[in-house]
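Single-structure report; data block below.
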Amino acid sequence: MTGRPLTPSHRRHGFTLIELLVVLAIVATLLMLVSPRYARQIDVSKEATLRENLRTVRQVIDSFHGDKGRYPESLEELVETRYLRALPVDPITESATTWRVVEVPEGQEGQVYDIHSGAPGTARSGEPYADW
C-alpha cells in the first residue's frame, strides 16, 4: 500500500462535472418555462400603461377645454399651462413624441381634440394601437 486510506476528513470537497451539468440543465429548463410568461407580462403591463396614459391625457384635454372654452393648440401647451407635469411616454414606442393628435372638429377653437398612440402594430387583442 502506497499511502494512507482515504478517510472522510481526506476526501476532496467540491462538485463533479456531472453534478454541475445536471444543475445547469435544470436551471435552463426552468428558464425556458418562465421566459414566455415573463415576456407576455411585460406586454400586458405596457398595454395597461398605454391605456392609462391615454385616459389621463384625454381627461386633461377635457379639463383644459372646460376651463378655457377652447382646445389646446398643442400637447406642449398642456405642460406649459401646468395641466400636466410632463407629457407621458407612449410605453410601446418608449417616446413622448410619437403621439398622434386628432384635430378639433370644425367650428371649435384649438388644435388638439384627442390623441392616439403612434405605435405600429396591434395589441394582444388584435386591435391596432393607433385605434386606441
Side-chain angles (χ1 to χ4, degrees):
M1 215 154 126
T2 60
R4 296 186 296 184
L6 289 177
T7 61
S9 63
H10 291 99
R11 289 194 181 144
R12 293 185 181 175
H13 299 286
F15 298 104
T16 66
L17 180 59
I18 297 296
E19 291 170 329
L20 289 174
L21 289 175
V22 168
V23 169
L24 287 175
I26 291 170
V27 169
T29 302
L30 291 174
L31 284 174
M32 286 179 12
L33 294 173
V34 172
S35 295
R37 288 184 179 164
Y38 177 72
R40 187 171 37 248
Q41 283 306 112
I42 290 176
D43 292 341
V44 167
S45 66
K46 283 184 177 184
E47 288 180 8
T49 303
L50 175 58
R51 285 189 191 278
E52 182 63 24
N53 286 351
L54 286 169
R55 187 187 65 76
T56 301
V57 173
R58 287 171 177 158
Q59 283 180 340
V60 166
I61 291 170
D62 290 343
S63 295
F64 185 96
H65 181 262
D67 292 345
K68 309 261 184 191
R70 66 175 180 86
Y71 288 99
E73 296 297 323
S74 67
L75 293 174
E76 290 76 24
E77 184 177 7
L78 296 173
V79 176
E80 291 167 3
T81 55
R82 316 247 328 144
Y83 279 84
L84 289 172
R85 288 186 182 187
L87 198 56
V89 171
D90 182 334
I92 308 298
T93 62
E94 298 180 355
S95 173
T97 61
T98 56
W99 297 112
R100 286 192 14 238
V101 173
V102 176
E103 293 183 10
V104 175
E106 196 171 317
Q108 299 279 334
E109 291 183 47
Q111 297 292 319
V112 180
Y113 180 71
D114 194 7
I115 65 167
H116 292 285
S117 174
T122 58
R124 294 175 318 107
S125 65
E127 184 182 10
Y129 291 120
D131 291 348
W132 285 16

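All residue numbers refer to positions in the sequence shown, counting from 1.
Hydrophobic cluster membership for V104: L50, L54, V57, V60, I61, F64, Y71, L75, L78, V79, Y83, L84, L87, I92, W99, V101, V102, V112, Y113, I115, Y129, W132 (Ile, Leu, Val, Met, Phe, Trp, Tyr linked by side-chain heavy atoms under 4.5 Å, directly or transitively).
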Audit row: R70, E77, salt bridge (Lys or Arg N to Asp or Glu O under 4.0 Å) steps and yes/no: CA-CA 12 Å; R70 66 175 180 86; E77 184 177 7; 2.6 Å; yes
From CA spacing to verdict: side-chain contact (heavy atoms from CB on, under 4.5 Å), R55, Q59: CA-CA 6 Å; R55 187 187 65 76; Q59 283 180 340; 2.9 Å; yes
Verdict with reasoning, S95 to T93, per side-chain hydrogen bond (donor to acceptor under 3.5 Å, both in side chains): CA-CA 5 Å; S95 173; T93 62; 5.0 Å; no
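Distance alone, capped at 3.5 Å, places no donor-acceptor pair between the S35 side chain and the M32 backbone. Judged purely by atom type and a 3.5 angstrom limit, D114 has no side-chain atom pairing as donor or acceptor with the backbone of R58.
Closest approach of T29 and A25 over heavy atoms only: OG1-O, 2.8 Å. The shortest non-hydrogen separation linking D90 to G118 is OD2-N, 3.6 Å.
For the residue pair R37 / Q41, no side-chain donor-acceptor distance below 3.5 Å is found, with atom types taken as modelled.
Crowding of E103 atom CD: a count of heavy atoms from other residues, nucleotides or ligands under 6.0 Å not exceeding 12. With a 6.0 Å radius and a threshold of 12 heavy atoms from other residues, nucleotides or ligands, E73 has its CD atom above the threshold.
Put simply, V22 and L30 are part of the same group of oily side chains (I, L, V, M, F, W, Y) that touch within less than 4.5 Å, one to the next.
Between atom CD1 of residue I26 and atom CG of residue L31 there is a gap of 12.0 Å, rounded to the nearest 0.5 Å. The structure places CZ of R124 at 8.0 Å from CZ of R40, a figure rounded to the nearest 0.5 Å. T49 OG1 to E47 CD: the interatomic distance, rounded to the nearest 0.5 Å, is 10.0 Å.
Within the structure, the salt bridge (charged side-chain N to carboxylate O under 4.0 Å, His left out) test picks out no pair touching residues 13-34 (sequence neighbours left out).
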